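What you see is a predicted model, and the numbers here were worked out from it, not measured in a lab.
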Amino acid sequence: MKSQSQSQAQAQAQAQAQAQARLIMLFMCVQRSLGVLVLGLSSIVNCYAVTPEVQLDNLTWTEVQHRLASGTTTILIPIGGTEQSGPYVALGKHNVRANLLAQKIAQNLGNALVAPVISYVPEGSIHPPAGHMRFTGTISIPDSAFEAMLDGTARSFKQHGFKEVIFLGDHGGYQKNMQKVAARLSREWGNDPSCHVTALSEYYQAVSVSYVNTLRNRGFSMAEIGLHAGLADTALTLAIERSLVRSDALAHATKPTEAEGVSGDPRHATEELGQLAVKQIIDASVTAIKRVTGAR
């Protein structure tokens, strides 16, 4: 028979072995956790490494100067507008859309920054009120003021050393004004290869033509797609920022009328349909900008 002291020694050795085993298991768990943490931090770092800040507003002047010196020489100027879009879409839809889409385009290009969005645009006569000015909340400025704003903005970026100034207009009413300013500056700067200005028609055409054709191919009628605040307009807004659309009220609404500021029927608009437009706008704009700048 084992003595009492032998039994105690054996029990102590067994307890020590169990404690060592627990320590080894704890160490292995900590190792695995640290590995997961390192991988997670690495993913975060890599994410930020490939998506640098593109908004001019969020950079200091020295950071912009550095970006210019490093080859970021394209500036995108998003143009929105503050206008009525019926009872179910917020007044600032064009501003939010133009800004966020311009950011996505800049990220895809890899050599572009995004200027602050221009939200004051021509929307019709103020007195007597015409066009969207017939509806509360719309802001309108004269064509001459709008064109002067575009002109001064382009000249500012040329002065700072940007080589490509790109107007991105989210609204159809001022496309002709953008083209007019771009053409005038192109003539003036014709003998100066340091900077070019482009009114990118492909951006708006992606919505007004390509996206409309896509919706028609999916079985929607033009009466439903609409020209303003209808299915197409509302779906794109949903895809960019859901909070701009009063979805709960729209779900219980009858078909809005032109007297309410709506051309079309937004009741079947979905975020999924709007994402089709987002992709078309980004793809068309990136392709067009690369073609224009690559031809210099």
Evaluate Asp233 against Arg97 for salt bridge (charged side-chain N to carboxylate O under 4.0 Å, His left out), listing each step before the verdict.
CA-CA 11 Å; Asp233 210 359; Arg97 285 187 344 201; 2.7 Å; yes

Take His196 and Val165 through the test side chain to side chain contact (heavy atoms under 4.5 Å, CB included) and record every step on the way to the result.
CA-CA 6 Å; His196 301 87; Val165 176; over 6 Å; no

Might you work through the side chain to side chain donor-acceptor pair (under 3.5 Å) test for Thr214 and Gln280, ending with a clear yes or no?
CA-CA 10 Å; Thr214 297; Gln280 287 177 321; 2.8 Å; yes

Please lay out, stage by stage, how Ser194 and Lys163 fare under the test side chain to side chain contact (heavy atoms under 4.5 Å, CB included).
CA-CA 6 Å; Ser194 66; Lys163 295 180 180 178; over 6 Å; no

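With respect to Lys93 and Asp170, no salt bridge is recorded, no charged nitrogen being found less than 4.0 Å from a carboxylate O. Checked for salt-bridge contact, Arg291 and Glu202 meet the test: a charged N lies under 4.0 Å from a carboxylate O. Taking the charged nitrogens against the carboxylate oxygens, Glu224 and Lys255 have no contact shorter than 4.0 Å, which rules out a salt bridge. Looking at Lys180 and Asp143, no side-chain N of the basic residue comes within less than 4.0 Å of a carboxylate O on the acidic one, giving no salt bridge.
Side-chain atoms of Gln175 come within 3.5 Å of backbone atoms of His171 as a donor-acceptor pair (strictly under, hydrogens ignored). Glu147 places no side-chain N or O within donor-acceptor distance of the main-chain N or O of Ser144, the cut-off being under 3.5 Å. At least one donor-acceptor pair under 3.5 Å links the side chain of Asn217 to the backbone N or O of Asn213. Between the side chain of Glu63 and the main chain of Thr60, a donor-acceptor pair closer than 3.5 Å is present. Between the side chain of Glu260 and the backbone N or O of Val262 there is no donor-acceptor pair closer than 3.5 Å.
Across all their heavy atoms, Ser140 and Ile126 have their closest contact at O-CD1, 3.5 Å. Contact record, Ser125 with Pro128: OG-O, 2.7 Å, taken as the closest heavy-atom pair. A pairwise comparison of heavy atoms in Gly81 and Asn95 identifies N-OD1, 2.8 Å as the closest pair. Minimum interatomic distance between Gln179 and Ala199 (heavy atoms only, all atoms of both residues): NE2-O, 3.3 Å. Annotation for Thr82 and Gly137: closest pair CG2-O, 3.8 Å, computed over non-hydrogen atoms. The minimum heavy-atom distance linking Tyr203 with Gly169 is given by the pair CD2-O, 3.2 Å.
Just one of Ile166, Leu100, Ile118, Val117 meets the side chain to side chain contact (heavy atoms under 4.5 Å, CB included) condition when paired with Pro78; it is Val117. Shown are Ile77, Leu168, Leu150, Leu200; of these, the side chain to side chain contact (heavy atoms under 4.5 Å, CB included) with Met178 is made only by Leu150. The side chain to side chain donor-acceptor pair (under 3.5 Å) with Gln84 is formed by just one residue from the set Glu123, His132, Arg134; it is His132. The side chain to side chain contact (heavy atoms under 4.5 Å, CB included) test with Leu113 is passed by exactly one of Leu59, Leu68, Thr74, Asp57: Leu59.
Under the 4.5 Å side-chain heavy-atom criterion for grouping Ile, Leu, Val, Met, Phe, Trp and Tyr, Ile240 is connected to Leu244 within one hydrophobic cluster. Follow the hydrophobic side-chain contacts under 4.5 Å out from Leu109 and you never reach Val64; the two are in separate clusters. When hydrophobic clusters are built by joining Ile, Leu, Val, Met, Phe, Trp and Tyr residues whose side-chain heavy atoms come closer than 4.5 Å, directly or via intermediates, Val207 is grouped together with Leu101. Transitive grouping of hydrophobic side chains (ILVMFWY, heavy atoms separated by less than 4.5 Å) brings Met149 and Ile79 into a common cluster.
Rounding to the nearest 0.5 angstrom, the gap separating the CD atom in Gln103 from the CD atom in Gln55 is 3.5 Å. Taking CD1 of Ile281 as the reference point, atom OH of Tyr204 lies at 10.5 Å (rounded to 0.5 Å). To the nearest 0.5 angstrom, Cys195 atom SG is 4.5 Å from Trp189 atom CH2. Here the CG atom belonging to Leu250 is positioned 9.5 Å from the NE2 atom belonging to His268, to the nearest 0.5 angstrom. A distance of 10.0 Å separates CG of Leu227 from OG of Ser208, quoted to the nearest 0.5 Å. Remark: Lys158 NZ to Glu188 CD distance equals 8.0 Å, nearest 0.5 Å.
Counting only N and O atoms by type, the side chains of Gln205 and Ser210 include no donor and acceptor under 3.5 Å apart.
Side-chain contact between Asp265 and Ile225: absent, with no pair of heavy atoms (C-beta onward) separated by less than 4.5 Å. Between Lys290 and Thr287, the closest side-chain pair of non-hydrogen atoms is not below 4.5 Å. Residues Ser285 and Leu76 have side chains not in contact (no heavy-atom distance under 4.5 Å, counting atoms from C-beta outward). Side-chain contact between Glu83 and Met133 is absent, with no heavy atoms from C-beta onward closer than 4.5 Å. Counting heavy atoms from C-beta outward, Arg67 and Pro52 have side chains that approach closer than 4.5 Å. Residues Thr234 and Val245 meet the side-chain proximity criterion, which asks for heavy atoms closer than 4.5 Å. Residues Leu231 and Pro266 are not in side-chain contact: their nearest non-hydrogen atoms beyond the backbone lie 4.5 Å or more apart. Residues Val278 and Leu236 are in side-chain contact: their nearest non-hydrogen atoms beyond the backbone lie under 4.5 Å apart.
Atom CD of Glu258 is surrounded by 12 or fewer heavy atoms from other residues, nucleotides or ligands within 6.0 Å. Summarising the local packing, CG of Asp192 is surrounded by more than 12 heavy atoms from other residues, nucleotides or ligands at distances under 6.0 Å. Around atom OH of Tyr120, no more than 12 heavy atoms belonging to other residues, nucleotides or ligands sit under 6.0 Å away.
Taking the six-membered ring for Trp, Phe146 and Tyr174 have ring centres closer than 6.0 Å.
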